[in-house]
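In what follows, residues are counted from 1 in the order of the sequence shown.
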Amino acid sequence: MTVYYWFYSIVTSLAVLIYVRKKDVDKQRKKVCIVSFFMLFLLFALRHPYMGVDLGWGYSVGYLKSFEKIGQISFLEIFRMKNYLNYEKGYIIFNKIISLISKNQQFFIGSCAFVSLLPIAIYTYKRSMMPLLSLFVFMGLPVFLIFFSGLRQSIAIGITVASMFFVEKKKPIPFILTVILAATFHKSALIFLIAYPLYHTRFSNICKILLLSFVPVVFVFRDLLFNLLSKLFRENAQIGSTGAFLLFLVFVLIYVFLIIFNDYCDKNNIDNERQNGLTNLCYLACIVQIFGGIYDIAMRVGYYFMIYMIIAIPNTIENFRHIRVKYNSYYTIVRIVIMVLFVGYGLYAIYDDSWARTNPYIFFWQFDLFK
């Protein structure tokens with residue numbers, strides 16, 4: 001766990017130095033975002049291939065061995081083959097392209113990390129009012145762990161995040177095409193098509209209450225609904241238990257927090273369209289999280305939606321600060337408390353994890369640990 005403690009300490013220290021030395025708030029924010037996600041990229045790229053069960057380090061199956069085999073296949077054969085394991089065509093082509101640059105497995109791991117994180121970093125850079133908090137929220141969510149092991153889905157998640165720019169600009173065709181591209185890496189990405197209408201739906205206060213009331217209904221009938229949802233998946237990897245029911249309650253509380261504070265923004269004539277849209281996506285994450293208590297893999301659907309908490313939570317806090325000026329002294333306290341909570345839960349999830357092998361953190365050059 002030492003590496004993670006150092007990671008949080010270094011990123012926080014660098015962010016403090018950036019905010020102290022510069023006066024331009026917007027430039028400060030962007031620099032913090034760049035530094036934060038660059039450090040996160042190094043965390044993924046420099047890890048030992050052992051970290052992540054699906055990578056299959058030391059075995060004849062897994063993403064690393066598949067990368068080696070696909071690199072030996074010609075493009076013509078790739079386009080002709082009907083299937084390769086359970087991999088989607090886009091991911092197979094991606095493997096081939098990376099192998100043309102380098103067949104080194106560590107380079108492949110770094111490439112996957114870069115492609116997965118870049119859209120998330122750009123979206124945070126463009127949209128987050130508090131990028132450091134966005135980073136901490138991200139690392140405190142279950143979706144963070146998938147980036148260690150589920151290479152296909154992590155890339156698909158990154159591509160769907162990129163599609164959000166088309167959602168915001170109301171460009172359905174480019175959005176649909178981008179989601180289809182994501183589905184060529186992991187077919188579960190197709191569920192993200194619902195994000196377009198959901199994002200642009202404006203719910204009244206009565207509808208929001210009804211939506212909250214719908215949550216316990218889904219919870220009661222979760223067993224009946226699960227079979228339909230589970231058909232989206234074909235992978236055997238299992239998510240380590242991180243208290244799925246507790247996490248579900250946390251998600252519901254976050255949703256309640258978002259709708260209450262966003263209501264204040266609406267009443268104070270603050271442009272809140274993006275926040276409302278992201279809050280709707282967070283609601284769907286709450287619904288999907290219900291099934292996480294039945295079968296951990298069901299949580300994977302929620303990854304496509306819960307990730308927008310990294311923007312919704314910081315921006316809601318920042319918007320509320322501008323409304324309630326007389327409560328500004330509490331703003332810093334609230335922000336620190338939320339940071340501590342997400343950092344604490346993130347460290348706990350890393351410590352308690354088994355399937356992603358996030359703990360202990362091992363650098364790729366530490367081969368002696370496996371002798």
Side-chain angles (χ1 to χ4, degrees), residues 2-4 6-8 10-11 14 33-59 61-73 87-88 90-125 131 134-135 138-139 143-162 181-182 184-186 237 303 307 310 346 350 353 355-370:
T2 303
V3 172
Y4 298 106
W6 274 108
F7 176 86
Y8 279 111
I10 293 173
V11 170
L14 291 174
C33 185
I34 292 172
V35 169
S36 298
F37 277 89
F38 177 71
M39 292 291 293
L40 187 60
F41 163 73
L42 292 180
L43 190 70
F44 287 119
L46 299 181
R47 75 186 191 275
H48 193 281
Y50 169 81
M51 299 180 69
V53 172
D54 291 349
L55 271 64
W57 184 81
Y59 292 91
V61 293
Y63 285 132
L64 296 179
K65 195 64 178 179
S66 296
F67 169 68
E68 179 182 316
K69 291 180 178 179
I70 293 172
Q72 299 170 355
I73 303 173
Y87 297 168
E88 291 78 3
Y91 177 74
I92 296 173
I93 295 173
F94 172 78
N95 274 250
K96 180 60 180 179
I97 292 174
I98 298 301
S99 71
L100 294 177
I101 302 173
S102 173
K103 289 182 171 57
N104 181 273
Q105 290 184 348
Q106 201 63 43
F107 180 80
F108 171 67
I109 292 174
S111 299
C112 291
F114 180 78
V115 173
S116 302
L117 286 175
L118 184 61
I120 300 172
I122 292 174
Y123 193 69
T124 303
Y125 179 87
S134 292
L135 175 69
F138 176 58
M139 294 182 68
V143 67
F144 172 70
L145 300 180
I146 198 71
F147 282 73
F148 281 92
S149 188
L151 302 186
R152 289 160 49 223
Q153 190 173 12
S154 63
I155 295 175
I157 291 170
I159 296 174
T160 57
V161 170
L181 173 63
T184 65
F185 285 82
H186 202 283
Y303 292 162
I307 195 169
I310 73 174
I350 290 171
D353 166 70
W355 80 280
R357 294 177 178 170
T358 54
N359 180 42
Y361 184 92
I362 304 166
F363 289 102
F364 73 87
W365 58 79
Q366 295 178 295
F367 292 106
D368 57 311
L369 294 176
F370 297 93

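Under the 6.0 Å distance and 45° angle rule, Arg152 does not count as a cation-pi partner of Tyr87.
Judged by distance alone, with hydrogens and angles left aside, the side-chain atoms of Ser36 form no donor-acceptor pair with the main-chain N or O of Cys33 at under 3.5 Å. Distance alone, capped at 3.5 Å, is enough to place a donor-acceptor pair between the Ser134 side chain and the Ile310 backbone. Side-chain atoms of Glu68 do not come within 3.5 Å of backbone N or O of Lys103 as any donor-acceptor pair. A donor-acceptor pair is defined here as one N or O able to donate and one able to accept, closer than 3.5 Å; no such pair exists between the side chain of Gln153 and the backbone of Phe147. Of the possible polar contacts, one joining the Thr160 side chain to the Ile157 backbone as a donor-acceptor pair under 3.5 Å is found. Remark: the backbone N or O of Asp54 is paired with a side-chain donor or acceptor of Ser149 at under 3.5 angstrom.
Residues passing the ring-ring contact (aromatic ring centres under 6.0 Å, His included) test with Phe37, sequence neighbours excluded: none. With sequence neighbours excluded, no residue forms a ring-ring contact (aromatic ring centres under 6.0 Å, His included) with Tyr125.
Contact detail for His186 and Ala156: the closest heavy-atom pair is CB-CB, 3.8 Å. Smallest separation of non-hydrogen atoms from Gly110 and Phe41: O-CE1, 3.4 Å. Closest approach of Asn359 and Ile350 over heavy atoms only: CB-O, 3.4 Å. Here the shortest heavy-atom pairing between Met139 and Leu43 reads CE-CD2, 4.3 Å. A pairwise comparison of heavy atoms in Asn104 and Phe67 identifies O-CE2, 4.0 Å as the closest pair. Here the closest non-hydrogen pair linking Leu151 and Arg47 is CD2-NH2, 4.0 Å.
Side-chain contact check for Tyr361 versus Leu46: some heavy-atom pair is nearer than 4.5 Å. Ser66 places none of its side-chain heavy atoms less than 4.5 Å from the side chain of Lys69.
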**Asked** Taking it one step at a time, do Tyr303 and Ile307 satisfy side chain to side chain contact (heavy atoms under 4.5 Å, CB included)?
**Response** CA-CA 6 Å; Tyr303 292 162; Ile307 195 169; over 6 Å; no
**Prompt:** Given Phe138 and Thr124, is the side chain to side chain contact (heavy atoms under 4.5 Å, CB included) satisfied, shown in steps?
**Reply:** CA-CA 11 Å; Phe138 176 58; Thr124 303; over 6 Å; no
**Message:** Could you walk me through whether Ile109 and Leu64 satisfy the side chain to side chain contact (heavy atoms under 4.5 Å, CB included) test, starting with their C-alpha distance in whole Å, then the side-chain angles of each, then the deciding distance to 0.1 Å, before giving a yes or no?
**Reply:** CA-CA 9 Å; Ile109 292 174; Leu64 296 179; 4.1 Å; yes
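Taking the six-membered ring where tryptophan is involved, the planes of Trp365 and Phe363 are essentially parallel, since the angle between them stays under 30° and well short of 60°.
Note that OG1 of Thr2 and CH2 of Trp6 are 9.5 Å apart. Values are rounded to the nearest 0.5 Å.
Between Phe44 and Phe144, the distance from one ring center to the other falls under 6.0 angstrom. In this structure, the ring of Tyr63 has its center less than 6.0 angstrom from the ring center of Tyr91.
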